[in-house]
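All remarks here apply to the structure that follows.
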Amino acid sequence: MSPAIGGTLNRVDGRFKVRGESRYSAEVPVTNLAHAVIVNAKIASGRITAIDTSEAERAEGVLAVLTHRNLGRVATVPRLLPSLAGLAAPGQTFFPMQDDTIHYGGQPVASWSPTPSNAPTTPAP
């Protein structure tokens, strides 16, 4: 049994939280913040043969359009564990847009970043 069970733990931030005095990340003001709109795969399995981003790239207020073609690569892919542990199945990762393979429906395949004043209120189709 863990020594933490049944024991007293010193929660450094506990007092601040119960008094409503804690500062959460959403409460920290950030200037020039950009948001990303994710475009998800509409099929469960396949390969991306083409993505036409030209219209999005020309659109007013778009800061960037990212796909597997121009997104930076993950430096080190961690060792994969079986899906029984609630993680990625062997041969798959949770790193989106690293290649042209679609592993599951809804997988992120592209992203675009509007300026804060042009951020959509609903997801892209």
Side-chain angles (χ1 to χ4, degrees):
M1 182 178 288
S2 169
I5 296 175
T8 302
L9 293 175
N10 181 15
R11 301 204 183 264
V12 179
D13 59 346
R15 262 178 220 216
F16 296 108
K17 285 184 177 179
V18 298
R19 292 179 180 168
E21 298 170 356
S22 286
R23 193 164 188 201
Y24 294 90
S25 58
E27 299 170 332
V28 177
V30 179
T31 58
N32 298 320
L33 179 67
H35 296 273
V37 178
I38 305 295
V39 179
N40 299 313
K42 303 219 183 287
I43 60 172
S45 180
R47 291 216 177 271
I48 300 168
T49 57
I51 296 180
D52 183 2
T53 61
S54 59
E55 186 177 344
E57 290 167 351
R58 287 191 311 267
E60 183 180 339
V62 172
L63 299 174
V65 178
L66 302 173
T67 70
H68 69 281
R69 293 179 299 191
N70 62 354
L71 184 66
R73 298 292 168 244
V74 174
T76 305
V77 176
R79 205 182 54 163
L80 299 175
L81 299 173
S83 58
L84 292 175
L87 301 171
Q92 297 181 8
T93 69
F94 282 102
F95 297 107
M97 302 189 310
Q98 292 293 296
D99 59 25
D100 64 351
T101 304
I102 297 174
H103 297 282
Y104 56 91
Q107 173 183 325
V109 294
S111 173
W112 61 279
S113 297
T115 57
S117 61
N118 291 329
T121 55
T122 57

Residues forming a side chain to side chain donor-acceptor pair (under 3.5 Å) with Thr53, sequence neighbours excluded: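 Residues passing side chain to side chain donor-acceptor pair (under 3.5 Å) with Thr53: Glu57.
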Side chain to side chain donor-acceptor pair (under 3.5 Å) partners for Thr101, two or more places apart: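 If we apply the side chain to side chain donor-acceptor pair (under 3.5 Å) test to Thr101, skipping adjacent residues, the hits are Arg47.
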Whether over 12 other heavy atoms sit under 6.0 Å from Glu21 CD: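 For Glu21, atom CD is crowded (more than 12 foreign heavy atoms under 6.0 Å).
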Where [X] and [Y] come nearest, the two heavy atoms and their spacing:
X     : Y      : value
Gln98 : Arg73  : OE1-CA, 3.3 Å
Ile43 : Ile102 : O-CG2, 3.7 Å
Ser22 : Asp13  : OG-O, 4.1 Å
Glu27 : Arg23  : OE1-CA, 3.3 Å

[X] side, atom [atom1]; [Y] side, atom [atom2] - distance, nearest 0.5 Å:
X      : Y      : atom1 : atom2 : result
His35  : Leu63  : NE2   : CG    : 11.0 Å
Asp100 : Thr49  : CG    : OG1   : 9.0 Å
Gln107 : Tyr104 : CD    : OH    : 5.0 Å
Met97  : Ile38  : CE    : CD1   : 6.0 Å

Within the 4.5 Å heavy-atom criterion, are [X] and [Y] side-chain neighbours or not?
X      : Y     : answer
Arg11  : Phe16 : no
Val109 : His68 : no
Pro108 : Asn40 : yes

Hphob cluster co-occupancy, Val39 + Leu71, side-chain heavy atoms under 4.5 angstrom: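 Val39 and Leu71: separate clusters.
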